[in-house]
Amino acid sequence: MTRIESQPGPFRRRGHRPPSVLRAVLGLAWALSILGFTLFGTPQQQVPLPMFVDVAARSGIAFQLLSSRTPQKYLIESMPGGVAMLDYDGDGLEDLFFVNGARLQSPMPPGAAPDKSDPKYWNRLYHNNGDGTFTDVTGKAGLRGHSYGMGVAVGDYDNDGHPDLYVTNFGRNILYHNNGDGTFTDVTEKAGVPGGGWSSSALFIDYDRDGYLDLFVARYLDWDFANNPPCGAPERGQPAYCHPDVFKSVTYLLYHNNGDGTFTDVSVKSGIAAAPGRGLGSALNDYDRDGWPDILVANDAIAEQLFHNNHDGTFSEAGMAAGLAYDEDGHAFSGMGVAFEDYDNDGWPDIFIGDLANQKYALFHNLKGAFQYVSGQTGVARMTMAHSGWGTALVDYDNDGWKDLFVAQSHVMDNIQYFQGNVRYLEPLLLLRNIQGRFEDVSARSGDPFRPVQAARGAAFGDLDNDGQIDVVVSCLDGKPLVLRNQGSPNHWLAINTVGTVSNRDGIGARLHLVSQSGASQFATVTAGGSYFSASDKRVHFGLGADRSVRSLEIAWPSGTIQTLYDLAVDRILTVREPSKGTR
């Protein structure tokens, strides 16, 4: 977005100092301008902020995320569910997939499982019709699912050009192979990726850079229906979901892609299983810029985890050593949603983790491979102390060249106000605009969808109508989703769709460095993962402000190939194919 730059005032040009009163006024004006305002009430930018409109009602999306709440306060009731943006049929438009719960009995009989047979509990796939509407194609696609759903990951694991789906559940997970004709086949058993226990988020990641997407699965707790003690204040009619400290941590799963449609469980061999946790959101990036993708896991009420890729098929847990494990006071926090991107354009991916009210959302600045907790100095702490954050992303919603912060919010406990009178269960959405490395809350100026309160959970981000503006889809517990269409900014943009040849076909893990017309640099990594249990549009989006061209775009592919393009036109989606002698 075009910004008003400081100019020498008349007093400076004449070699004089302004009077003391005027100096004070100018000083206050400068301080306010850092936050995006002037004393005269005009926003710092010269173009208005984009507005969002919730178009769910007229889109044809009738989905409801159902938790099947019971008086027993089964912990899984509070945690679903994910949402994905993916172009499953290759028509150039992002479609939507929603994960749903299942029917629970009250209480659950011994040995009973959640029941997903009723269509109202099905997971749902909606086809993007290209005119602002969507069509439910779940039955035709074969994606109704089973078990109590949690999250979803998207990736082309067999490099056939069609995105596949991995759905995490309480119980057996599901790998759906995209058949390329609008249908999917459950290949979980054949592929060898059933998971088990309580899986939460998942990532497709080519951790060994062999050209095939592997699969990381976070798991939450050692919990089941028989291990659900009474918590809260049941004697006063206020039972509550138990704190995670009541349950044991569990190990995560890593499946290596064998390149023939099957996977091998390498959780132990890789070192991933050596560091159990209480995993919720997960994301990938190369935090130390050594060319190998690392894995971030948000943990609930224990140390956050960062798995460093050792380049030999193994990982070392480095959260403590990297300065990421705790907040600035050395306290653990309830990590939920995650974003793993470079918010200050210095070339090093930073980390954002949403947590519960009274903890402050955690923003960690990457200092060349080590992290500094910067929630206070960036303004994030002050604006988030009272909130609880789930689905999230660092995305440039106003196309000014700086990644902004969106958070879907709600407390985990539906009766939290009984125990903490200053905290609310239902909350509005939060949008923090990035002002060159600091943040300001622009939620109230961003449209009607930021006024209502709801129990928001998963969130996916991408361009649903290919107009160059980042849209957002939010899944709301026991409610209908929000489909937030970005009304747009006049700023310029460029979106990159990577196609690997030697690397995995999606190009996941590729690192992009863009230099725009003015010389400004931006960095991004290709991934669909992150947020909370969700998967976003894998196309990399760059906002360019007033710049009308791109000087250069460098892509460091997972294969090691470095590809550079020059003098690119803007305001378009550009497909870039990895150079190679042969293609898959």
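- Between Lys538 and the choices Asn497, Asp506, Asp87, the side-chain hydrogen bond (donor to acceptor under 3.5 Å, both in side chains) rule is met once, by Asn497.
- A 4.5 Å side-chain heavy-atom check between Pro293 and Asn309 finds at least one atom pair inside the cut-off.
- Between Phe98 and Phe63, the ring planes lie parallel to each other; the angle is under 30°, not in the 30° to 60° tilted range.
- Residues Pro80 and Arg457 are not in side-chain contact: their nearest non-hydrogen atoms beyond the backbone lie 4.5 Å or more apart.
- Taking the six-membered ring where tryptophan is involved, the planes of Tyr207 and Phe315 are tilted, since the angle between them lies from 30° to 60°.
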- Test ring pair (Phe, Tyr, Trp, His ring centres under 6.0 Å) applied to Tyr397 and Phe406, step by step: CA-CA 9 Å; Tyr397 88 102; Phe406 179 100; 9.2 Å; no

- Query: Step by step, would you call Tyr166 with Val217 a side chain to side chain contact (heavy atoms under 4.5 Å, CB included)?
  - Reply: CA-CA 10 Å; Tyr166 188 76; Val217 183; 3.7 Å; yes

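- A donor-acceptor contact shorter than 3.5 Å links the side chain of Arg289 to the backbone of Gly347.
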- Walk me through it: do Phe439 and Tyr343 pass the test ring pair (Phe, Tyr, Trp, His ring centres under 6.0 Å)? CA-CA 10 Å; Phe439 291 87; Tyr343 77 85; 5.8 Å; yes

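- Electrostatic pairing of Asp346 and Lys368 does not count as a salt bridge here, judged by no charged N lying under 4.0 Å from a carboxylate O.
- Looking at heavy atoms from C-beta onward, Leu96 lies in side-chain contact with Met85 at the 4.5 angstrom threshold.
- Taking the six-membered ring where tryptophan is involved, the planes of Trp493 and His541 are essentially parallel, since the angle between them stays under 30° and well short of 60°.
- Put simply, the side chain of Asp300 reaches to within 4.5 Å of the side chain of Ser334, judged on heavy atoms.
- The one candidate from Glu304, Arg278, Gln305 that meets the side-chain hydrogen bond (donor to acceptor under 3.5 Å, both in side chains) condition with Asn299 is Gln305.
- Taking the side chain as every heavy atom from C-beta outward, Glu341 and Pro349 never approach each other to under 4.5 Å.
- Between Tyr88 and Phe184, the angle of the ring planes lies from 30° to 60°, which puts this pair in the tilted group.
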